[in-house]
K.L.:
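Here's a structure for you.
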Amino acid sequence: MRTDIDALADRVLGVLSASAESDYIGEDVNQLEHALQAAHFAREAGASDAQVLAALTHDIGHLLDPEAPSMAGLGVIDHERVGADYLRAQGFSESVARLVEGHVQAKRYLTFAKPAYAARLSEASRGTLEWQGGPMDADEAKAFEADPLFGPILAMRTWDERAKVVGLEVLGLEGYRACLVAHLEETARADDAG
Ligand code: FE
């Protein structure tokens, strides 16, 4: 099991590492800086390992396939689902996958529930919102509020939005390897037991 998990960790870290070459659409940091800063803010907030890993990988759906259909140059369509499915396939826990899957829902929720929020969105983020279904309606918002991961998903969103600071010094990718390996090991054990 040991080597399998190390290979999985290498693969995921490899995808993230290569993303230093990719722009974070419409922002002044690259995708790797964005991921590392999101994870940094999660750690700073005392988040769980699952939340930290979700913050680190939340945009991985943008990085997997250069040919994937895009939102008119604003990133991969349904990147949150693409990313969550990829993470499930790599052996991440369902909570990490669901946090990643939910980060766009948080934006759809906040643009419904907090009118001031919509006004603060960056231009790129406003552009993608339309592709992502626009603001939630009241029923969708109510269902989302009842989700056990409602709070953690909103927290992810705040780290995501802050993770655009040019030149911020944060822990590098290798600093997350131990946490990643432990998470994959734990999830594999839980699957074996279940
Ligand atoms: Fe993001």
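Side chains are part of it too, since the values below use all heavy atoms of this structure and drop only hydrogens, waters and symmetry mates. When a ligand or atom number is given, it counts from 1 through the structure's own listing order.
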K.L.:
Could you name all protein N, O or S atoms found under 2.8 Å from the Fe ion (ligand 1)?
P.N.:
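Hits for the Fe ion (ligand 1) below 2.8 Å: H34 NE2, H58 NE2, D59 OD2, D160 OD1.
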K.L.:
Where do D137 and F112 come nearest, in terms of heavy atoms and distance?
P.N.:
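Nearest heavy atoms, D137 then F112: C-CE1, 4.1 Å.
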K.L.:
Show the numbers, then the answer: is there a ring pair (Phe, Tyr, Trp, His ring centres under 6.0 Å) between H79 and H103?
P.N.:
CA-CA 10 Å; H79 78 282; H103 82 279; 5.0 Å; yes
K.L.:
Donor-acceptor pair, N30 side chain versus E33 backbone, under 3.5 Å?
P.N.:
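Flag set: sc N30 to bb E33 pair under 3.5 Å.
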K.L.:
Under the 3.5 angstrom rule, does the side chain of S125 hit a backbone N or O of L121 as a donor-acceptor pair?
P.N.:
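Flag not set: sc S125 to bb L121 has no pair under 3.5 Å.
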K.L.:
Strictly below 4.0 Å, N to O, side chains only: are E44 and R162 in salt-bridge contact?
P.N.:
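Answer for the salt bridge query: yes.
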K.L.:
Taking the ring of Y86 and the ring of F92, is the distance between their centroids below 6.0 Å?
P.N.:
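Aromatic pair excluded; centres sit 6.0 Å or further apart.
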